[in-house]
Amino acid sequence: MTQAPVNVTVTGAAGQIGYALLFRIASGQLLGPDTPVRLRLLEIPQAVKAAEGTALELEDGAFPLLAGTDIFDDAKQAFSGANVALLVGARPRTKGMERGDLLEANGGIFKPQGEAINAGAADDIKVLVVGNPANTNALIAQAHAPDVPADRFTAMTRLDHNRALAQLSKKLGVPVSEIKKLAIWGNHSATQYPDIFHAEVAGKNAAEAVNDEAWLSDTFIPTVAKRGAAIIEARGASSAASAASAAIDHVYTWVNGTPEGDWTSAAVVSDGSYGVPEGLISSFPVTARDGKYEIVQGLEINEFSRTRIDASVQELIEERDAVKKLGLI
Ligand SMILES: NC(=O)c1ccc[n+]([C@@H]2O[C@H](COP(=O)([O-])OP(=O)(O)OC[C@H]3O[C@@H](n4cnc5c(N)ncnc54)[C@H](O)[C@@H]3O)[C@@H](O)[C@H]2O)c1
Ligand SMILES: O=C(O)C[C@H](O)C(=O)O
């Protein structure tokens, strides 16, 4: 190890995604093969023992890049000195819970975590929120970290992006590596809009290559947008390994950049681009350069896309207004 370890804080570390994520971070896939990491795991007190079990297994992995694992049940300690924070732990919706109850319960998690990041994270902190409702949880955390630049708070739509790549690859019979410039817009929810109008497949426009608007509206968009629910239905639990993989992709790209001639998708703080109200954390096509995500500018948005982007952004506005009413932002 030639450099000091990067502190990576992971919340919900004893959960399903945590179990799939931690070993990949320890093996160097989050930040690259030359960057040592120190894991700082945050769990609720009842799950600390399970997190300790995972820490024993991490030790048994003898990962050359893993400088150590510490476990906390206190957010202030867990985020102290954090360079990267993966906010995975969240309150899932349970039977009889209204949307407002869910937002309120998550406010109780993401408000103190935002405060803890504000109080003690490293100056270069990068935050990815995975726990649902991810965009609005990120907004809550960001609102309570006034000293941290707002653009350091992001939410995950990379899983949706990867799902869209996979569906398009199957439809056109081309490897995913040949598909560029796909985009997910809006909320990480069933209203999200996977957009292929600017995508390129082996250098050709993807929408033209598909040439099937019925497939686009009746198969592709709903398959991608409802994939989370399909996985819950099939495995009796929400996606975990694919979600962990997307979280790795999101942070790796943020730190190491997007390849020339391509972009990816991430929910980032809107600067008002494409009519998305400033300050909302919404998914956009983004590039990453020098450790910063930037919204791709100047894309022409056709009527088909406009309606769908607006619908998803409207849902984000409603979530923002609901948490405002609850006094969470
Ligand atoms: N954005 C996405 O694409 C995406 C994809 C899949 C899942 N998710 C979401 O990710 C979240 C985690 O999923 P999972 O399958 O790992 O759930 P899980 O229930 O298996 O694990 C969640 C863990 O979070 C912990 N936790 C709860 N409150 C906490 C707190 N205040 N501090 C620290 N830890 C806390 C729990 O003890 C639990 O161990 C869920 O909200 C899920 O809906 C998001
Ligand atoms: O947990 C969920 O509701 C679904 C999850 O966000 C997913 O996209 O797989």
Side-chain angles (χ1 to χ4, degrees), residues 8-19 21 40-51 54 70-82 84-121 125-148 150 152-157 187-189 228 232 237-240 243 247 267 269 279-282 315-329:
V8 180
T9 299
V10 180
T11 77
Q16 298 193 85
I17 295 177
Y19 197 69
L21 183 60
R40 300 176 71 79
L41 312 184
L42 177 65
E43 258 299 348
I44 54 173
Q46 308 88 288
V48 160
K49 197 159 190 305
T54 306
D70 297 297
I71 300 166
F72 305 93
D73 63 7
D74 174 79
K76 287 244 155 57
Q77 289 177 27
F79 289 110
S80 175
V84 175
L86 301 170
L87 275 48
V88 178
R91 174 73 202 272
R93 192 200 288 257
T94 43
K95 220 174 161 191
M97 219 176 175
E98 299 296 330
R99 197 174 182 82
D101 300 333
L102 183 73
L103 291 169
E104 191 164 18
N106 277 299
I109 295 174
F110 289 87
K111 178 174 182 274
Q113 291 185 359
E115 289 166 351
I117 288 168
N118 198 54
I125 181 72
K126 288 180 168 62
V127 182
L128 168 63
V129 176
V130 175
N132 282 321
N135 300 54
T136 299
N137 287 339
L139 188 69
I140 295 170
Q142 184 255 312
H144 294 280
D147 303 331
V148 177
R152 306 291 185 77
F153 284 84
T154 63
M156 191 165 92
T157 52
N187 202 359
H188 171 67
S189 76
I232 292 170
S238 61
S239 59
V269 178
L280 276 188
I281 296 190
S282 180
E315 185 182 48
L316 284 173
I317 292 171
E318 285 163 19
E319 288 184 13
R320 179 198 63 194
D321 292 349
V323 293
K324 212 179 241 177
K325 214 163 147 197
L326 290 164
L328 294 170
I329 59 170

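Not measured: the values here are computed from a predicted model. Computed over heavy atoms, backbone and side chain alike; hydrogens, waters and symmetry mates excluded.
- Here the straight-line distance linking atom CG of L42 with atom CG of L86 works out to 12.0 Å at 0.5 Å rounding.
- A distance of 8.0 Å separates CD1 in I117 from OG1 in T9, rounded to the nearest 0.5 Å.
- No side-chain donor-acceptor contact under 3.5 Å links N187 to the backbone of L316.
- Of the candidates V8, L128, I125, V10, V84 forms a side chain to side chain contact (heavy atoms under 4.5 Å, CB included) with just one, namely V8.
- Here the closest heavy-atom approach between residue A14 and residue A50 is recorded as CB-CB, 3.9 Å.
- Within the 4.5 Å cutoff, the side chain of N137 has no heavy atoms near those of the F153 side chain.
- Side chain of N118 to main chain of D147: a donor-acceptor pair is present (N/O by atom type, distance under 3.5 Å, no hydrogens or angles).
- Closest heavy-atom contact between A13 and E43: N-OE2, 3.3 Å.
- Annotation: the span from R91 atom CZ to E104 atom CD amounts to 11.0 Å, rounded to 0.5 Å.
- Across all their heavy atoms, G114 and A145 have their closest contact at O-CB, 3.6 Å.
- Considering I140, V323, N106 in turn, I140 is the only one that fulfils the side chain to side chain contact (heavy atoms under 4.5 Å, CB included) rule with K111.
- A donor-acceptor pair under 3.5 Å links the side-chain atoms of T11 to the main chain of V88, judged by distance alone.
- Test T154, L87, V148 against V127 for side chain to side chain contact (heavy atoms under 4.5 Å, CB included) and you get one pass: L87.
- No side-chain donor-acceptor contact under 3.5 Å links Q77 to the backbone of F72.
- Note that the OG1 atom of T136 and the CG atom of L280 stand 8.0 Å from one another [nearest 0.5 Å].
- Between L103 and P133, the closest heavy-atom pair is CD2-CG, 3.6 Å.
- Here the side chain of T157 pairs no donor or acceptor atom with the backbone of H188 at under 3.5 angstrom.
- Of the inter-residue distances, the one linking I71 atom CD1 with L41 atom CG reads 5.5 Å to the nearest 0.5 angstrom.
- Scanning all heavy atoms of the two residues, the minimum distance from I232 to S238 falls at CG1-CA, 3.5 Å.
- The heavy-atom pair separating A243 from M156 by the smallest distance is O-CE, 3.4 Å.
- Expressed to the nearest 0.5 Å, how far CD of E319 lies from CD1 of I281 amounts to 11.5 Å.
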